[in-house]
Protein chains: 2
Amino acid sequence: MTADPPIAMRERTRRIVQSELTVVAQDLFVESGYEAVTVEQIAAAAGMSKRTFFRYFSSKEDLVIGKYDLFGDKLAESLAVRPAEESVWEALRRVFDFFVEYVDDPKLRERRAAMERIVQSTPALNAAYLEKMSRMQKLLEEGVAARLGIDQRTDPRPGAIVGAAFACLLAAQVTWHESDQAGSFGPMLDDAMAAFHLYPPTAR
Amino acid sequence: MTADPPIAMRERTRRIVQSELTVVAQDLFVESGYEAVTVEQIAAAAGMSKRTFFRYFSSKEDLVIGKYDLFGDKLAESLAVRPAEESVWEALRRVFDFFVEYVDDPKLRERRAAMERIVQSTPALNAAYLEKMSRMQKLLEEGVAARLGIDQRTDPRPGAIVGAAFACLLAAQVTWHESDQAGSFGPMLDDAMAAFHLYPPTAR
DNA sequence: GTCATATTTGACACTCGGTGTCATACGCGG
DNA sequence: CCGCGTATGACACCGAGTGTCAAATATGAC
């Protein structure tokens with residue numbers, strides 16, 4: 001247990017440096033665009049060498065979208081906790097409340113909107129973003145398959161359902177982002193997901 | 001008109017060099033993995049310099065997934081041609097017959113399956129693939145919005161519906177790819193898309 | 001066939017993202 | 001104050017991708 005305090009300490013300072021880097025980098029991205037800003041510039045603006053930057057982020061992309069790595073497990077746990085009598089579609093909608101909170105958060109709104117614009121308009125970032133989403137989806141598929149009592153290895157429906165739910169999430173996000181963003185993101189997501197009705201799974 | 005023949009000629013030889021490069025590169029990828037093969041190795045194996053490689057493909061990724069750029073417009077046209085009385089979901093399924101033909105094509109099956117494995121297992125490629133898909137989706141959204149008579153700038157449903165259809169396509173593709181691949185890909189896609197029923201769009 | 005012209009190619013130098021290595025500086029517990 | 005482990009910077013290096021320019025090659029007119 002004597003090893004705990006220093007580790008926690010290091011981890012804390014590490015987080016601080018990371019968020020400092022994130023802020024500095026985002027300001028530069030907003031000013032000049034993602035691709036026009038080099039890692040060396042970010043590092044210099046944060047008072048460190050390029051080599052040290054890569055000790056805090058595994059890549060330039062990671063600085064922007066790395067945070068989504070943490071989301072996946074949270075979502076899967078959140079799905080596991082949903083009551084069994086709830087429909088799969090409804091359960092997924094409730095799981096997405098996590099995103100709704102994130103999008104609605106008034107403290108982050110300005111900054112998040114700016115970064116979203118940059119991600120949407122930078123193909124490399126958008127690609128990486130979609131890949132993260134696809135990883136989250138995979139983590140949820142197992143839970144959905146279990147709920148439906150079907151085998152995800154031979155039945156495409158768990159993947160299709162989770163993918164469709166994420167498609168709703170992304171579509172709502174884009175529309176929301178291009179709207180005036182008054183009120184909550186929740187109803188927009190509800191609209192998107194309400195376009196679908198799931199047939200009860202049939203045995204095969 | 002005298003300018004036509006040479007252009008067609010150059011374009012033809014260009015295609016030939018491109019497909020030669022693709023074959024050579026795919027063989028190398030299958031042997032050693034995408035990332036382990038350098039562009040210089042591909043170029044050397046095809047008897048040209050690295051600089052010349054980049055005159056035929058804008059990037060290493062482009063060599064693998066660049067062909068999908070052409071799909072988008074075809075899909076959009078294909079949707080525009082679907083009869084108006086057909087439901088949106090059914091129309092999208094019919095548009096996907098294009099993919100079904102592609103996947104079923106017995107001449108390409110072996111090679112395509114090998115490349116699919118590589119794309120699935122290489123994050124950078126998978127990300128780029130998803131990004132291409134997302135571009136195709138955008139091209140179809142307008143047509144879907146028109147069919148439904150709703151405004152895609154303020155209503156998330158066109159994007160959600162197209163995205164959901166593509167989610168079915170991807171899920172079916174993954175499941176298909178992990179199956180014995182006997183028979184046609186079509187029924188697998190039907191299964192995935194049959195999990196959903198679309199509510200008729202309501203005015204807002 | 002010959003010449004003029006346009007295109008293709010290779011060679012080279014360069015930028016940027018990312019990694020391995022090593023010596024040094026720093027913070028901490030004894 | 002000393003020893004130890006971690007953080008850092010400097011440097012060299014690799015691979016993807018681009019700009020430039022000169023040489024090679026193909027094309028068209030005559």
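Here is how names work: the chains are called A, B, and so on, in the same order as the sequence lines, proteins then strands, and each is numbered from 1.
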query: Looking for any heavy atom pair under 4.0 Å, which part of the strands does A/Val17 touch: base, sugar-phosphate only, or nothing?
result: nothing
What is the separation between atom [atom1] on [X] and atom [atom2] on [N], rounded to the nearest whole Å?
X	N	atom1	atom2	result
A/Met48	C/dC26	CE	P	16 Å
A/Phe53	D/dG9	CZ	P	13 Å
B/Ile16	C/dT8	CD1	P	14 Å
A/Leu21	D/dT8	CG	P	10 Å
B/Glu11	C/dT7	CD	P	14 Å
A/Lys60	C/dT15	NZ	P	16 Å
B/Glu61	C/dG17	CD	C1'	14 Å
A/Leu63	C/dG17	CG	C1'	14 Å

message: Whether the side chain of A/Lys50 and the base of C/dG18 hold a donor-acceptor pair under 3.5 Å is what I'd like checked.
response: yes
message: For a quick check, tell me whether the side chain of A/Arg51 and the base of C/dG20 share a donor-acceptor pair closer than 3.5 Å.
response: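 Yes, a donor-acceptor pair under 3.5 Å.
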message: In terms of relative ring orientation, are A/Phe57 and A/Phe53 parallel, tilted or perpendicular, with 30° and 60° separating the classes?
response: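 A/Phe57 vs A/Phe53 ring planes: tilted.
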- prompt: Taking the six-membered ring for Trp, are A/Phe99 and A/Phe96 parallel (under 30°), tilted (30 to 60°) or perpendicular (over 60°)?
  reply: perpendicular
- prompt: Which listed nucleotide (D/dG9, D/dA16, C/dG17) is nearest to the side chain of B/Phe54?
  reply: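 Closest nucleotide among those given: D/dA16.
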task: State which of C/dT21, D/dA16, C/dA11 makes the closest approach to the side chain of B/Arg55.
output: C/dA11
message: Does the structure place the NZ or CZ of B/Lys60 under 6.0 Å from the centre of the six-membered ring of B/Phe29, at an angle of no more than 45° from the ring's axis?
response: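 No cation-pi geometry.
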Short side-chain N/O contact to C/dA11 OP1/OP2 from B/Ser49, under 4.0 Å: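 Negative; the distance criterion is not met.
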- prompt: For D/dT8, does either OP1 or OP2 sit under 4.0 Å from a side-chain N or O belonging to A/Tyr56?
  reply: yes
- request: Take A/Tyr68 and A/Tyr129, measure what ring-ring contact (aromatic ring centres under 6.0 Å, His included) needs, and give me the verdict at the end.
  value: CA-CA 8 Å; A/Tyr68 294 117; A/Tyr129 178 68; 5.4 Å; yes
message: I need the minimum non-hydrogen distance between A/Glu61 and A/Ala128, along with the two atoms involved.
response: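 Heavy-atom minimum between the residues: OE1-CB, 3.5 Å.
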